[in-house]
Amino acid sequence: MVDAALTRLGMEDDFEIIGDIPSIVKHGVMNPPALMINGVVKISGKIPTVEEVVEVIQQF
């Protein structure tokens, strides 16, 4: 979803998928999956749509 959102916005950026539980908890995510941008959890507890990810990215 993130890759598709970045493509839709014409952006090329790096993103990281964190899958191990200790790292997830370390980042403050209590309800995965989550989307974190610049250290801030923006979506948590669901798989967002491409449109939702686009909206979140546009806020930054």
Side-chain angles (χ1 to χ4, degrees):
M1 299 302 167
V2 173
D3 193 38
L6 290 171
T7 299
R8 185 176 292 180
L9 291 167
M11 300 172 68
E12 291 185 26
D13 210 338
D14 293 325
F15 61 93
E16 179 181 2
I17 297 173
I18 300 172
D20 64 285
I21 299 300
S23 293
I24 292 169
V25 172
K26 176 183 161 191
H27 285 93
V29 174
M30 303 310 277
N31 195 13
L35 174 64
M36 177 182 283
I37 300 178
N38 295 332
V40 178
V41 176
K42 300 304 289 181
I43 299 174
S44 181
K46 69 176 190 161
I47 297 174
T49 65
V50 173
E51 291 78 22
E52 289 172 318
V53 177
V54 166
E55 288 177 23
V56 169
I57 292 171
Q58 287 179 324
Q59 293 173 5
F60 281 88

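Basis for what follows: all heavy atoms, side chains included, without hydrogens, waters or symmetry-related copies. These numbers come from a predicted model, not from an experiment.
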### Task
Quick one: list whatever passes side chain to side chain contact (heavy atoms under 4.5 Å, CB included) with D20, sequence neighbours left out.
I18, P22, S23

### Query
What about I43 and L9, same hydrophobic cluster or not, with Ile/Leu/Val/Met/Phe/Trp/Tyr joined at side-chain heavy-atom distances under 4.5 Å?
yes

### Message
With a 3.5 Å distance limit and no angle check, can you tell me whether S44 reaches the backbone of A34 through a side-chain donor-acceptor pair?
### Response
no

#### Entry: Value rounded to 0.5 Å, distance of CD in E51 from CD in E55
8.0 Å

### Query
Going from CE on M11 to CG on L6, what distance comes out if it is rounded to the nearest 0.5 angstrom?
6.0 Å

### Task
Report yes if some heavy atom in the side chain of I24 is under 4.5 Å from a heavy atom in the side chain of H27; otherwise report no.
no

### Query
Checking side-chain contact (heavy atoms from CB on, under 4.5 Å) against P48, which of V56, V2, V54, V53 comes through?
V53

### Query
What distance do K46 atom NZ and L35 atom CG have between them, rounded to the nearest 0.5 Å?
11.0 Å

### Message
For residues M36 and M30: do they belong to one hydrophobic cluster (side chain heavy atoms under 4.5 Å, members Ile, Leu, Val, Met, Phe, Trp, Tyr)?
### Response
no

### Task
Could you check if a side-chain atom of M1 sits within less than 4.5 angstrom of a side-chain atom of E52, using non-hydrogen atoms only?
no

### Task
Give a yes or no on this: more than 12 heavy atoms of other residues, nucleotides or ligands lie within 6.0 Å of atom CD of E12.
no

### Task
Please check if F60 and F15 belong to a single hydrophobic cluster, counting links between Ile, Leu, Val, Met, Phe, Trp and Tyr side chain heavy atoms closer than 4.5 Å.
yes

#### Entry: With sequence neighbours excluded, residues passing side chain to side chain donor-acceptor pair (under 3.5 Å) with N38
none

### Message
Quick check: is I47 connected to I57 through a chain of hydrophobic side chains (ILVMFWY, heavy atoms under 4.5 Å apart)?
### Response
yes

### Query
Would I37 end up clustered with V41 when hydrophobic side chains under 4.5 Å apart are linked, directly or stepwise?
no

